[in-house]
A.B. asks: 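The following block contains the structure, expressed as C-alpha coordinates.
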Protein chains: 2
Amino acid sequence: MTRQDSIRLSGTSYAVLGLVRHLGRATPYDLKQLIAESLDNFWPVPHTTFYAEPTRLAAAGYLVEEQEPGGRRRKVYELTDQGRQALERWVADPASAAPVLHDEGVLKVFLGADPSAVFGARRDWHETKIGELERHLEGIRFALDGDPPNRGSLEGIAAALAAGIAFHRTYLTLLDEQLADQGP
Amino acid sequence: MTRQDSIRLSGTSYAVLGLVRHLGRATPYDLKQLIAESLDNFWPVPHTTFYAEPTRLAAAGYLVEEQEPGGRRRKVYELTDQGRQALERWVADPASAAPVLHDEGVLKVFLGADPSAVFGARRDWHETKIGELERHLEGIRFALDGDPPNRGSLEGIAAALAAGIAFHRTYLTLLDEQLADQGP
DNA sequence: ACTCGTATAGTTCGACTCGAACTGTTCCAA
DNA sequence: TTGGAACAGTTCGAGTCGAACTATACGAGT
(Lines give C-alpha, C1' and ligand atoms only; values in the text may rest on other atoms or scores of the structure.)
Protein backbone atom coordinates (compact mmCIF):
# COMPACT_ATOMS: atom_id res chain seq x y z
CA MET A 1 0.00 0.00 0.00
CA THR A 2 1.62 3.19 -1.11
CA ARG A 3 1.53 6.07 1.28
CA GLN A 4 -0.13 9.28 0.35
CA ASP A 5 1.80 11.80 2.35
CA SER A 6 0.99 14.22 -0.45
CA ILE A 7 4.29 15.93 -0.74
CA ARG A 8 4.86 18.74 -3.18
CA LEU A 9 6.59 17.68 -6.38
CA SER A 10 9.01 20.15 -7.87
CA GLY A 11 10.76 20.08 -11.23
CA THR A 12 13.63 18.40 -9.46
CA SER A 13 11.29 15.68 -8.22
CA TYR A 14 10.23 14.91 -11.76
CA ALA A 15 13.82 15.02 -12.90
CA VAL A 16 14.60 12.31 -10.36
CA LEU A 17 11.58 10.24 -11.39
CA GLY A 18 12.52 10.62 -15.05
CA LEU A 19 16.10 9.61 -14.53
CA VAL A 20 15.09 6.58 -12.50
CA ARG A 21 12.61 5.58 -15.19
CA HIS A 22 15.37 5.89 -17.70
CA LEU A 23 17.84 3.74 -15.83
CA GLY A 24 15.31 1.23 -14.56
CA ARG A 25 17.20 0.80 -11.32
CA ALA A 26 19.40 3.54 -10.05
CA THR A 27 21.47 4.64 -7.10
CA PRO A 28 21.83 8.31 -6.27
CA TYR A 29 25.30 8.27 -7.70
CA ASP A 30 24.03 6.91 -11.00
CA LEU A 31 21.61 9.80 -11.24
CA LYS A 32 24.28 12.32 -10.57
CA GLN A 33 26.55 10.81 -13.21
CA LEU A 34 23.79 10.78 -15.79
CA ILE A 35 23.15 14.47 -15.83
CA ALA A 36 26.60 15.88 -15.20
CA GLU A 37 27.35 18.36 -17.97
CA SER A 38 24.14 17.71 -19.89
CA LEU A 39 20.83 18.42 -18.17
CA ASP A 40 22.81 20.28 -15.58
CA ASN A 41 22.95 23.20 -17.99
CA PHE A 42 19.20 23.74 -17.75
CA TRP A 43 18.23 22.21 -14.52
CA PRO A 44 21.03 22.16 -12.00
CA VAL A 45 20.64 19.69 -9.15
CA PRO A 46 23.18 19.72 -6.32
CA HIS A 47 24.44 16.22 -5.69
CA THR A 48 23.16 16.06 -2.15
CA THR A 49 19.65 16.36 -3.53
CA PHE A 50 20.09 13.02 -5.25
CA TYR A 51 20.44 11.49 -1.82
CA ALA A 52 17.66 13.41 -0.10
CA GLU A 53 15.01 13.63 -2.79
CA PRO A 54 14.62 9.91 -3.63
CA THR A 55 14.08 9.20 0.05
CA ARG A 56 11.29 11.75 0.09
CA LEU A 57 9.78 10.31 -3.10
CA ALA A 58 9.99 6.78 -1.73
CA ALA A 59 8.27 7.79 1.49
CA ALA A 60 5.39 9.18 -0.55
CA GLY A 61 5.10 6.10 -2.71
CA TYR A 62 6.58 7.28 -5.99
CA LEU A 63 9.65 5.10 -5.76
CA VAL A 64 10.63 1.90 -4.03
CA GLU A 65 13.84 1.89 -2.10
CA GLU A 66 16.09 -1.11 -1.55
CA GLN A 67 19.37 -1.20 0.25
CA GLU A 68 22.31 -3.31 -0.78
CA PRO A 69 23.11 -5.67 2.10
CA GLY A 70 26.90 -5.38 2.03
CA GLY A 71 29.71 -3.24 0.70
CA ARG A 72 28.67 0.35 0.30
CA ARG A 73 25.16 -0.47 1.31
CA ARG A 74 23.95 1.76 -1.44
CA LYS A 75 20.29 2.50 -1.88
CA VAL A 76 18.76 1.46 -5.16
CA TYR A 77 15.55 2.96 -6.47
CA GLU A 78 12.86 1.88 -8.86
CA LEU A 79 9.72 3.57 -10.10
CA THR A 80 6.31 2.55 -8.77
CA ASP A 81 3.16 2.76 -10.85
CA GLN A 82 2.21 5.82 -8.91
CA GLY A 83 5.55 7.39 -9.78
CA ARG A 84 5.27 6.50 -13.43
CA GLN A 85 1.80 7.95 -13.67
CA ALA A 86 2.72 11.18 -11.94
CA LEU A 87 5.67 11.58 -14.26
CA GLU A 88 3.64 10.90 -17.38
CA ARG A 89 0.96 13.32 -16.35
CA TRP A 90 3.49 16.05 -15.78
CA VAL A 91 5.35 15.47 -19.01
CA ALA A 92 2.13 15.48 -21.01
CA ASP A 93 1.22 18.96 -19.84
CA PRO A 94 2.78 21.41 -22.29
CA ALA A 95 2.72 24.28 -19.80
CA SER A 96 5.98 24.92 -18.04
CA ALA A 97 7.20 27.45 -15.53
CA ALA A 98 8.96 30.49 -16.91
CA PRO A 99 12.69 30.10 -17.35
CA VAL A 100 14.70 31.78 -14.62
CA LEU A 101 18.15 33.20 -15.01
CA HIS A 102 20.54 34.06 -12.23
CA ASP A 103 23.46 36.16 -13.38
CA GLU A 104 25.70 37.62 -10.74
CA GLY A 105 27.68 39.52 -13.35
CA VAL A 106 24.71 41.57 -14.45
CA LEU A 107 23.89 42.18 -10.81
CA LYS A 108 27.37 43.57 -10.25
CA VAL A 109 27.10 45.85 -13.25
CA PHE A 110 23.68 46.98 -12.07
CA LEU A 111 25.29 47.90 -8.76
CA GLY A 112 27.98 49.93 -10.45
CA ALA A 113 30.76 47.55 -11.47
CA ASP A 114 32.79 48.16 -14.59
CA PRO A 115 31.05 46.28 -17.39
CA SER A 116 34.20 45.60 -19.41
CA ALA A 117 35.92 44.03 -16.43
CA VAL A 118 33.00 41.84 -15.43
CA PHE A 119 31.88 40.84 -18.90
CA GLY A 120 35.44 40.36 -20.09
CA ALA A 121 36.10 37.84 -17.33
CA ARG A 122 32.82 36.15 -18.07
CA ARG A 123 33.54 35.90 -21.77
CA ASP A 124 36.52 33.66 -21.19
CA TRP A 125 34.55 31.47 -18.88
CA HIS A 126 31.92 30.82 -21.54
CA GLU A 127 34.57 29.94 -24.09
CA THR A 128 36.10 27.41 -21.75
CA LYS A 129 32.70 25.98 -21.01
CA ILE A 130 31.85 25.62 -24.66
CA GLY A 131 35.12 23.80 -25.19
CA GLU A 132 34.27 21.32 -22.45
CA LEU A 133 30.79 20.69 -23.73
CA GLU A 134 32.02 20.22 -27.27
CA ARG A 135 34.59 17.71 -26.21
CA HIS A 136 31.96 15.86 -24.26
CA LEU A 137 29.55 15.94 -27.18
CA GLU A 138 32.20 14.59 -29.52
CA GLY A 139 32.71 11.70 -27.14
CA ILE A 140 29.01 10.93 -27.16
CA ARG A 141 28.82 11.16 -30.94
CA PHE A 142 31.72 8.77 -31.22
CA ALA A 143 29.93 6.35 -28.94
CA LEU A 144 26.79 6.68 -31.05
CA ASP A 145 28.76 5.68 -34.15
CA GLY A 146 29.63 2.39 -32.48
CA ASP A 147 26.96 0.00 -31.33
CA PRO A 148 24.10 1.66 -29.45
CA PRO A 149 23.12 -0.32 -26.38
CA ASN A 150 21.71 2.75 -24.65
CA ARG A 151 21.12 4.74 -27.80
CA GLY A 152 18.05 6.62 -26.58
CA SER A 153 19.81 7.82 -23.51
CA LEU A 154 22.80 9.05 -25.41
CA GLU A 155 20.67 10.88 -27.92
CA GLY A 156 18.88 12.78 -25.18
CA ILE A 157 22.16 13.73 -23.64
CA ALA A 158 23.54 14.77 -27.01
CA ALA A 159 20.52 17.01 -27.57
CA ALA A 160 20.91 18.61 -24.16
CA LEU A 161 24.59 19.17 -24.81
CA ALA A 162 23.90 20.74 -28.19
CA ALA A 163 21.35 23.05 -26.64
CA GLY A 164 23.78 23.93 -23.89
CA ILE A 165 26.42 24.82 -26.43
CA ALA A 166 23.93 26.98 -28.31
CA PHE A 167 23.03 28.73 -25.10
CA HIS A 168 26.60 29.57 -24.20
CA ARG A 169 27.39 30.70 -27.73
CA THR A 170 24.44 33.05 -27.62
CA TYR A 171 25.55 34.38 -24.30
CA LEU A 172 28.98 34.98 -25.76
CA THR A 173 27.50 36.97 -28.62
CA LEU A 174 25.48 39.08 -26.22
CA LEU A 175 28.54 39.74 -24.09
CA ASP A 176 30.59 40.73 -27.10
CA GLU A 177 27.94 43.19 -28.14
CA GLN A 178 28.01 44.74 -24.69
CA LEU A 179 31.78 44.90 -24.76
CA ALA A 180 31.71 46.55 -28.18
CA ASP A 181 29.25 49.19 -26.99
CA GLN A 182 31.69 50.03 -24.25
CA GLY A 183 35.43 50.59 -24.49
CA PRO A 184 37.79 51.41 -27.33
CA MET B 1 29.93 48.68 18.03
CA THR B 2 29.04 46.63 15.02
CA ARG B 3 28.61 42.95 15.56
CA GLN B 4 30.69 40.49 13.67
CA ASP B 5 28.44 37.48 13.53
CA SER B 6 30.18 36.67 10.28
CA ILE B 7 27.23 35.62 8.27
CA ARG B 8 27.57 34.46 4.71
CA LEU B 9 26.86 37.13 2.11
CA SER B 10 25.19 35.95 -1.05
CA GLY B 11 24.50 37.84 -4.25
CA THR B 12 21.12 38.66 -2.81
CA SER B 13 22.78 40.19 0.25
CA TYR B 14 24.78 42.51 -1.96
CA ALA B 15 21.70 43.29 -4.00
CA VAL B 16 20.01 44.45 -0.80
CA LEU B 17 23.03 46.48 0.26
CA GLY B 18 23.24 48.06 -3.19
CA LEU B 19 19.58 48.96 -3.33
CA VAL B 20 19.73 50.49 0.13
CA ARG B 21 22.79 52.48 -0.86
CA HIS B 22 20.92 53.65 -3.87
CA LEU B 23 17.88 54.81 -1.98
CA GLY B 24 19.71 56.14 1.05
CA ARG B 25 16.92 55.07 3.36
CA ALA B 26 14.66 52.26 2.42
CA THR B 27 11.90 50.02 3.66
CA PRO B 28 11.59 46.46 2.43
CA TYR B 29 8.70 47.50 0.26
CA ASP B 30 10.78 50.21 -1.38
CA LEU B 31 13.38 47.63 -2.29
CA LYS B 32 10.83 45.35 -3.78
CA GLN B 33 9.32 48.12 -5.88
CA LEU B 34 12.70 49.20 -7.17
CA ILE B 35 13.60 45.96 -8.84
CA ALA B 36 10.23 44.70 -10.02
CA GLU B 37 10.51 43.96 -13.73
CA SER B 38 14.09 45.22 -14.06
CA LEU B 39 16.78 43.52 -12.03
CA ASP B 40 14.31 40.77 -11.40
CA ASN B 41 15.10 39.43 -14.85
CA PHE B 42 18.64 38.55 -13.85
CA TRP B 43 18.53 38.20 -10.17
CA PRO B 44 15.10 37.25 -8.89
CA VAL B 45 14.45 37.95 -5.23
CA PRO B 46 11.21 36.74 -3.65
CA HIS B 47 9.56 39.56 -1.76
CA THR B 48 9.75 37.86 1.62
CA THR B 49 13.51 37.98 1.34
CA PHE B 50 13.34 41.75 1.45
CA TYR B 51 11.89 41.41 4.92
CA ALA B 52 14.20 38.69 6.19
CA GLU B 53 17.51 39.60 4.65
CA PRO B 54 17.84 43.19 5.90
CA THR B 55 17.22 41.94 9.42
CA ARG B 56 20.05 39.49 9.00
CA LEU B 57 22.33 42.15 7.56
CA ALA B 58 21.47 44.56 10.36
CA ALA B 59 22.25 41.94 12.99
CA ALA B 60 25.69 41.51 11.46
CA GLY B 61 26.36 45.23 11.31
CA TYR B 62 25.99 45.93 7.60
CA LEU B 63 22.83 47.98 7.98
CA VAL B 64 21.15 49.97 10.69
CA GLU B 65 17.53 49.29 11.36
CA GLU B 66 15.00 51.80 12.63
CA GLN B 67 11.34 51.26 13.19
CA GLU B 68 8.66 53.84 12.56
CA PRO B 69 6.86 54.50 15.85
CA GLY B 70 3.30 54.59 14.56
CA GLY B 71 1.17 53.61 11.61
CA ARG B 72 2.56 50.63 9.80
CA ARG B 73 5.57 50.53 12.05
CA ARG B 74 7.68 49.90 9.03
CA LYS B 75 11.36 49.19 9.37
CA VAL B 76 13.70 51.59 7.64
CA TYR B 77 17.26 50.66 6.75
CA GLU B 78 20.45 52.55 6.10
CA LEU B 79 23.93 51.44 5.17
CA THR B 80 26.72 51.38 7.75
CA ASP B 81 30.36 51.96 6.86
CA GLN B 82 30.90 48.28 7.21
CA GLY B 83 28.10 47.64 4.76
CA ARG B 84 29.36 50.20 2.30
CA GLN B 85 32.85 48.76 2.39
CA ALA B 86 31.70 45.19 1.93
CA LEU B 87 29.60 46.24 -1.03
CA GLU B 88 32.40 48.20 -2.66
CA ARG B 89 34.84 45.37 -2.22
CA TRP B 90 32.46 42.94 -3.84
CA VAL B 91 31.58 45.21 -6.75
CA ALA B 92 35.25 45.93 -7.44
CA ASP B 93 36.04 42.26 -7.95
CA PRO B 94 35.44 41.46 -11.63
CA ALA B 95 35.00 37.76 -10.97
CA SER B 96 31.42 36.60 -10.79
CA ALA B 97 29.72 33.27 -10.35
CA ALA B 98 28.68 31.46 -13.48
CA PRO B 99 25.22 32.31 -14.75
CA VAL B 100 22.66 29.68 -13.91
CA LEU B 101 19.59 28.90 -15.94
CA HIS B 102 16.55 26.97 -14.77
CA ASP B 103 14.27 25.95 -17.59
CA GLU B 104 11.50 23.55 -16.81
CA GLY B 105 10.53 23.35 -20.47
CA VAL B 106 13.84 21.89 -21.51
CA LEU B 107 13.62 19.51 -18.60
CA LYS B 108 10.26 18.30 -19.84
CA VAL B 109 11.57 17.78 -23.33
CA PHE B 110 14.58 15.95 -21.93
CA LEU B 111 12.15 13.65 -20.17
CA GLY B 112 10.26 12.94 -23.33
CA ALA B 113 7.70 15.72 -23.81
CA ASP B 114 6.73 16.88 -27.26
CA PRO B 115 9.05 19.76 -28.12
CA SER B 116 6.58 21.58 -30.35
CA ALA B 117 3.95 21.63 -27.64
CA VAL B 118 6.26 22.80 -24.89
CA PHE B 119 8.24 25.29 -26.91
CA GLY B 120 5.16 26.57 -28.68
CA ALA B 121 3.53 27.45 -25.38
CA ARG B 122 6.72 29.01 -24.19
CA ARG B 123 7.10 31.12 -27.31
CA ASP B 124 3.91 33.01 -26.59
CA TRP B 125 4.94 33.61 -23.04
CA HIS B 126 8.16 35.26 -24.13
CA GLU B 127 6.32 37.51 -26.56
CA THR B 128 3.98 38.69 -23.84
CA LYS B 129 6.89 39.27 -21.52
CA ILE B 130 8.75 41.31 -24.10
CA GLY B 131 5.66 43.43 -24.59
CA GLU B 132 5.44 44.16 -20.89
CA LEU B 133 9.08 45.04 -20.59
CA GLU B 134 8.92 47.29 -23.63
CA ARG B 135 5.96 49.15 -22.26
CA HIS B 136 7.74 49.59 -19.00
CA LEU B 137 10.91 50.77 -20.74
CA GLU B 138 8.96 53.30 -22.74
CA GLY B 139 7.56 54.67 -19.52
CA ILE B 140 11.02 55.04 -18.09
CA ARG B 141 12.32 56.70 -21.25
CA PHE B 142 9.46 59.16 -21.15
CA ALA B 143 10.29 59.97 -17.55
CA LEU B 144 13.92 60.48 -18.52
CA ASP B 145 12.87 63.05 -21.14
CA GLY B 146 11.32 65.13 -18.40
CA ASP B 147 13.32 66.42 -15.47
CA PRO B 148 15.65 63.85 -13.95
CA PRO B 149 15.50 63.92 -10.18
CA ASN B 150 16.61 60.33 -9.86
CA ARG B 151 18.25 60.14 -13.26
CA GLY B 152 21.00 57.65 -12.32
CA SER B 153 18.50 55.24 -10.90
CA LEU B 154 16.29 55.33 -13.93
CA GLU B 155 19.18 54.83 -16.29
CA GLY B 156 20.25 51.71 -14.43
CA ILE B 157 16.75 50.36 -14.60
CA ALA B 158 16.49 51.22 -18.28
CA ALA B 159 19.71 49.34 -18.95
CA ALA B 160 18.47 46.31 -17.05
CA LEU B 161 15.19 46.42 -18.94
CA ALA B 162 16.96 46.65 -22.27
CA ALA B 163 19.13 43.70 -21.38
CA GLY B 164 16.07 41.78 -20.28
CA ILE B 165 14.36 42.45 -23.57
CA ALA B 166 17.47 41.31 -25.43
CA PHE B 167 17.51 38.14 -23.40
CA HIS B 168 13.91 37.25 -24.14
CA ARG B 169 14.29 38.06 -27.81
CA THR B 170 17.26 35.75 -28.01
CA TYR B 171 15.32 33.04 -26.28
CA LEU B 172 12.55 33.52 -28.78
CA THR B 173 14.96 33.10 -31.66
CA LEU B 174 16.35 29.92 -30.15
CA LEU B 175 12.86 28.53 -29.63
CA ASP B 176 11.87 29.31 -33.18
CA GLU B 177 14.91 27.49 -34.46
CA GLN B 178 13.94 24.46 -32.42
CA LEU B 179 10.39 24.64 -33.69
CA ALA B 180 11.60 24.90 -37.27
CA ASP B 181 13.83 21.87 -36.85
CA GLN B 182 10.74 19.94 -35.85
CA GLY B 183 7.73 19.31 -37.98
CA PRO B 184 5.71 21.81 -40.00
C1' DA C 1 50.36 -9.16 0.15
C1' DC C 2 50.57 -4.51 1.17
C1' DT C 3 49.92 0.24 1.21
C1' DC C 4 49.35 4.61 -0.53
C1' DG C 5 46.92 7.66 -3.50
C1' DT C 6 43.01 8.62 -6.15
C1' DA C 7 38.48 8.06 -7.60
C1' DT C 8 34.12 6.64 -6.25
C1' DA C 9 30.13 6.74 -3.14
C1' DG C 10 27.47 8.36 0.53
C1' DT C 11 26.04 11.15 4.64
C1' DT C 12 25.39 14.88 8.10
C1' DC C 13 24.45 19.32 9.46
C1' DG C 14 22.87 23.79 9.83
C1' DA C 15 22.19 27.83 7.55
C1' DC C 16 19.58 29.68 4.11
C1' DT C 17 15.63 30.14 0.77
C1' DC C 18 11.20 30.24 -0.70
C1' DG C 19 6.30 30.58 -1.32
C1' DA C 20 1.68 30.05 0.58
C1' DA C 21 -1.23 32.11 3.41
C1' DC C 22 -2.41 35.42 6.43
C1' DT C 23 -2.88 40.07 8.92
C1' DG C 24 -3.05 44.79 9.07
C1' DT C 25 -3.16 49.62 6.92
C1' DT C 26 -4.42 53.21 3.78
C1' DC C 27 -6.98 55.23 0.24
C1' DC C 28 -10.84 56.35 -2.38
C1' DA C 29 -15.15 56.23 -4.49
C1' DA C 30 -20.00 55.33 -3.99
C1' DT D 1 -19.03 55.98 6.40
C1' DT D 2 -18.16 52.16 4.75
C1' DG D 3 -16.61 48.58 1.89
C1' DG D 4 -13.37 47.08 -1.35
C1' DA D 5 -9.00 47.46 -3.74
C1' DA D 6 -4.37 48.34 -3.38
C1' DC D 7 -0.60 48.65 -0.39
C1' DA D 8 2.52 46.84 3.27
C1' DG D 9 4.26 43.53 6.24
C1' DT D 10 4.79 39.04 8.69
C1' DT D 11 4.74 34.08 9.96
C1' DC D 12 5.71 29.50 9.24
C1' DG D 13 7.35 25.27 7.76
C1' DA D 14 8.95 22.68 4.11
C1' DG D 15 12.47 22.58 0.94
C1' DT D 16 17.16 23.54 -0.77
C1' DC D 17 21.89 23.99 -0.66
C1' DG D 18 26.80 23.53 -0.04
C1' DA D 19 30.67 22.68 3.05
C1' DA D 20 32.82 19.29 5.22
C1' DC D 21 33.32 14.86 6.34
C1' DT D 22 33.42 9.62 6.23
C1' DA D 23 33.84 5.40 4.05
C1' DT D 24 34.72 2.09 0.23
C1' DA D 25 37.00 0.39 -3.91
C1' DC D 26 40.56 0.19 -7.22
C1' DG D 27 45.07 0.05 -9.02
C1' DA D 28 49.99 0.93 -9.48
C1' DG D 29 54.11 0.25 -7.63
C1' DT D 30 56.93 -2.36 -4.19
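These values consider heavy atoms only, across backbone and side chains, with no hydrogens, waters or symmetry-generated copies. Numbers restart at 1 for each chain; the letters A, B, ... are given by sequence-line order, proteins then strands. Just so you know, these numbers come straight off a predicted model, no measurement behind them.
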A.B. asks: What residue pairs, at least two apart or across chains, pass salt bridge (charged side-chain N to carboxylate O under 4.0 Å, His left out) with a residue in residues 103-113 of chain B?
C.D. replies: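 Only B:D103-B:R122 qualify under salt bridge (charged side-chain N to carboxylate O under 4.0 Å, His left out).
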A.B. asks: Sequence neighbours excluded, which residues qualify as side chain to side chain contact (heavy atoms under 4.5 Å, CB included) partners of B:T55?
C.D. replies: B:E65, B:Y77
A.B. asks: Which donor-acceptor pairs under 3.5 Å do the side chains of residues 129-144 of chain A make with protein atoms, sequence neighbours left out?
C.D. replies:
residue, atom, partner, partner atom, Å
A:E134, OE2, A:R169, NH2, 2.6
A:H136, ND1, A:E37, OE1, 3.1

A.B. asks: Starting at atom CZ of A:F50, determine the distance to atom C1' of D:dG18, rounded to an integer number of angstrom.
C.D. replies: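 It is 15 Å, rounded to the nearest whole Å.
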A.B. asks: Test of understanding: with ring-ring contact (aromatic ring centres under 6.0 Å, His included), list the residues that count as partners of B:F50, not counting sequence neighbours.
C.D. replies: none
A.B. asks: Output one letter per nucleotide in nucleotides 14-19 of chain C: B when a protein non-hydrogen atom lies under 4.0 Å from the base, S when only the sugar-phosphate is that close, - when neither is.
C.D. replies: --SSSB
A.B. asks: Between A:K32 (NZ) and C:dT11 (C1'), how many Å, whole number?
C.D. replies: 13 Å
A.B. asks: State which residues pass ring-ring contact (aromatic ring centres under 6.0 Å, His included) with A:Y14; sequence neighbours excluded, sorted by chain then number.
C.D. replies: A:W90
A.B. asks: Expressed in angstrom and rounded to an integer, what is the separation of A:L57 atom CG from D:dT16 atom P?
C.D. replies: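 After rounding, the gap between these two atoms is 10 Å.
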A.B. asks: For A:K75, is there any backbone N or O sitting under 3.5 Å from a side-chain donor or acceptor partner on A:T27?
C.D. replies: no
A.B. asks: Within this structure, what is the OH-to-P distance between B:Y51 and C:dA21, rounded to whole angstrom?
C.D. replies: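 Taking atom P of C:dA21 as the reference, OH of B:Y51 is at 18 Å.
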